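Below, read A as the first sequence line, B as the second, and so on, with proteins coming before strands; counting in each chain starts at 1. Since the structure is predicted, the reported quantities are computational estimates derived from the model, not experimental observations.
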Amino acid sequence: MSAIIKVENLTKSFSDIKAVQNLSFTVEQGSVYGFIGQNGAGKSTTIRMLLTLVSPDVGEIEIFGLSLSKNRNTILRKIGALIERPDLYNYLTAFENLKLFAALSGVKINKNYLMNQLQQVGLDTRADSKVKTFSQGMKQRLGIAIALVHNPELIILDEPMNGLDPQGIADIRQLILNLSRQQGKTIFVSSHLLSEVEQIADSLLIIHKGEKVIEGTVQDLLNPEESMVEVETKMQDELIKGLTDSQWVSRLYKREDGKLIFRMKKNEMPAFISALGNLQLQVFSVRRKNSLEDYFLSLTTQ
Amino acid sequence: MKRASWILFLLLFSRCAYTQSAEGLLQQVRQKLELVNDYEAKGKLRTNLLFIKAPIVSVQIFYKKPNKFKIINENGFSFIPKSMANLNLNKFFSSVGDYELLDGGIEVGTNLRVIKLLPIDENSEWVLSVLFINEKNKLVYKIRNTTRESGTYELQLTYGNFIEFGLPDKIAFSFNTKAYKLPKGMTLDYDIGNDKVKNSGVPKKGNVEILFSTYKINKGIADAVFEN
Amino acid sequence: MLQLLRVELFKIFCRPRTYIAFAVITVIIILIQVALKYGGREYVNLLMSSSLGETFEVPISQILNGYYICFLIFNLLLIHVPILVALVAGDMIAGEANMGTLRLLASKPIGRTQLLMVKFIATCVYTFLLLIWVVILALFVSVIMFGTDSLVVARELEFNIIAANDVLWRFAAAFCFAAVGLICVAALAFMFSTFADNSIGPIVATVCVIIVLTILTQLQIPFYDDTIKPFLFTTHMLGWKGFFYVEGQNGETIKGSIDNISAIWKSVAVLFGYIGLFLFISIKHFKKKNILS
């Protein structure tokens, strides 16, 4: 598999605010790449830099093996994107919006083809309705249809499940999987909710305050053998002191207010709990965090 | 003494002879004009005035005894001086009313006989008219009118093809105008920077000419033509 | 390029706001025409009598013809049409930013300069159509309502009377000149539009600039006459009137003449200069602009 997106040392500041700092990542061809971060983490700025809406202060972006700054139009011709909110021309119909963006993407306009695209996102029956009458979810689906209308090789979706109902979210997930698995498209999908992405992504990058926190395959990051164990106690210092001579102190991953987070394999947990018991300190709970959501929260919640 | 008496006699005689002749000359001029009961003329009107730029327009001029007179533009329109309404001699004589006649002698250079008319009516708008008449063909070649409201204006007549009826081929009307200036805020002019030199807004002399090409004389004209 | 232009024009003419300007112009022109139909004599009398009425017979009913009405409407409207042009031109980029569609457009495989130029050409087409609408209503409807005759043009220090058969080409030339003037305003609003993410700002800014500069143009202060006025585009926007200033010689006007054609060419050059400047700034700024809307 070859790299479709290769980003190196990407940095962007707005006045004094560092939106993205030294961000590097690689997206492989045909994969679904989850780009995760809280609101304001720098996801949208990164995506805007991938789409040449914002120019980086420092760093290089290569897409399809070409430098983005030198081959802008060639690259963008092969990218479909939904950027944040699906803001469209409200005074035009769904069909007119799709036709208009198809024309801008250089697609020869064929009514049947466009209706098929609308059908894929379940909007064929509302093709002639003005977009101003659409719900947020319908706009989102139309935005996805617009991103796909010119059959791009790389699809960039920024928060595609925003505003969708559970069924809508499931439909979009299925659509993304189909595009990836059946049509071999590369999909770069951002979200602030890990639960939305963990089921479809092949790889993940978590960004926080403009910096990469972690990157890897979902399989590695969700390795059931490796878990986070959260110990709730008010006697943190005593507990750490008590574990000083044991192997457990090296497993301490993070210290939070009232909580200590350890990283360990699942089969090590009984021995760890036993060691805690031996310390005879006041421990309110010991909890294993095994979903990516918890993992994400543990990394980013301060 | 005898010689002085003779000179005095000659002077008195000549003075007397002029007075009679001026009255008579005027009568003869008027008689000639009486030949025309009506006419319809065609001509070209030229406005020569610093602050009016106008094209030459074709005009039709109608006259009917005693004092009906009208100028109609065949194409376009023109600003005709109000005092020009009396440019027609027939109309002039029918509207002057009673007057005192003064003989002004012969104008040097033109040999035209100068006759001055003073209105008897003290309230008359018209103050003084000076006629310049050719004694040979009994035609008026120039009139200088002074009025209370419109100041002094002058009419110069040139004769040619219609001389037998006392009708001119060309009339040149000279007059004084007041200063012309409109507020710039009203006109929103495009300032091209060269008009201020030509016209500084002070009173100017103007001139309107009519060059007659045809006359239809005494063919009868309906009164309706003179109605607005 | 043509496809892009078609898309832009499609967007402009599908938007209800576009037709506000056409509706406003229709209402204003009809109101002026009706007012002059029933009160035009008083208006012309007021204008002419104060200056010429004492000396001359003023042919009011002949003056009040279709050409004169059209000239009056042009005189009144060409101060206000720029505001209507600003409504659309100021919205071209900022409006898209406000709607959130600018990021979609700018992420398409179209160069930003090309995108900007297409949008500007679309604005010019709109401006041109708006002007054609003004001509249809102001000239053709006025001619139907009031007939034709010579045209009287009242200036500060002189009156020009133009023969009826010498008028139409002047309106055509004035129309072309006015188009350049309005495109200059469109370019200004367009430039402001690239700096904003909300269309109100560029529209208001353009209107303010036009008002201030028009006041400066009309102020009769010698200091401004020689220093500032020659450089204001609002001064040169009045150049369309130059086509109605005729040359006179020996008591007649020269058919087809223009009093000072070099002044008009100079104004055209100045206006094109401003259009170029505004476009240059727009492109320079927009090419580097971070689209965050």
Side-chain angles (χ1 to χ4, degrees), chain B residues 44-58 71-73 75-85 149-151 153 172 175-204 206-209 211 228, chain C residues 47-48 50-59 61-63 75-76 78-79 149-150 152-166 214 217-218 220 225 229-230 235-242 244-255 259-260 262-264 266-267:
Chain B
K44 301 276 185 193
L45 186 143
R46 178 196 295 269
T47 310
N48 209 339
L49 193 63
L50 195 63
F51 62 77
I52 291 184
K53 285 179 187 168
I56 292 177
V57 289
S58 299
I71 302 174
I72 296 174
N73 288 95
N75 63 320
F77 52 81
S78 46
F79 288 88
I80 296 168
K82 283 179 175 170
S83 45
M84 198 173 167
E149 292 289 325
S150 308
Y153 55 87
F175 56 99
N176 289 317
T177 64
K178 289 192 171 180
Y180 164 79
K181 197 171 193 297
L182 281 177
K184 204 168 187 177
M186 200 171 182
T187 58
L188 297 173
D189 274 1
Y190 170 51
D191 192 357
I192 56 176
N194 62 356
D195 51 357
K196 284 177 186 164
V197 183
K198 291 186 209 164
N199 176 16
S200 54
V202 296
K204 302 286 177 191
N207 177 284
V208 173
E209 283 177 12
L211 199 66
N228 280 327
Chain C
L47 187 74
M48 305 282 174
S50 60
S51 50
L52 295 173
E54 286 184 23
T55 314
F56 296 92
E57 296 285 352
V58 179
S61 55
Q62 284 178 286
I63 290 173
N75 217 3
L76 292 170
L78 290 180
I79 301 169
D149 210 319
S150 299
V152 170
V153 177
R155 297 168 66 181
E156 185 193 5
L157 296 172
E158 68 178 48
F159 264 78
N160 287 185
I161 303 171
I162 306 166
N165 61 7
D166 193 24
T214 303
T217 299
Q218 296 303 326
Q220 293 188 53
D225 285 351
K229 276 190 200 177
T235 304
H236 296 280
M237 276 174 69
L238 293 172
W240 67 272
K241 288 187 182 180
F244 296 95
Y245 295 169
V246 288
E247 261 188 289
Q249 207 172 42
N250 300 326
E252 63 174 302
T253 51
I254 301 165
K255 192 182 172 187
D259 197 13
N260 192 348
S262 60
I264 295 175
K266 187 183 157 196
S267 291

Rounded distance (nearest 0.5 Å) linking atom OG1 of B:T47 with atom CD1 of C:I161: 6.5 Å
Okay, C:I254 and chain B: the region with an atom under 4.5 Å from a heavy atom over there is neither
Drop me the distance from B:K53's NZ to C:D259's CG, to the nearest 0.5 angstrom. 3.5 Å
Which region of C:T214, side chain (C-beta onward) or backbone (N, CA, C, O), has a non-hydrogen atom less than 4.5 Å from a non-hydrogen atom of chain B, or is it both or neither? neither
Measure the CG-CZ distance between B:L49 and C:F159 for me, rounded to the nearest 0.5 Å. 11.0 Å
By side-chain hydrogen bond (donor to acceptor under 3.5 Å, both in side chains), C:K255 pairs with (sequence neighbours left out) none
Let me confirm one number: the CD1-OG1 distance from B:I52 to C:T253, rounded to the nearest 0.5 Å. 12.0 Å
CG-CG distance between B:D189 and C:L157, expressed to the nearest 0.5 angstrom: 7.5 Å
Atom group of C:A154 that falls short of 4.5 Å from chain B, counting heavy atoms: both
For C:S267 and B:Y190, test the side chains for any donor-to-acceptor distance below 3.5 angstrom and give the result as yes or no. yes
For C:A163 and B:P55, work out which heavy atoms get closest and say how close. N-CG, 3.9 Å
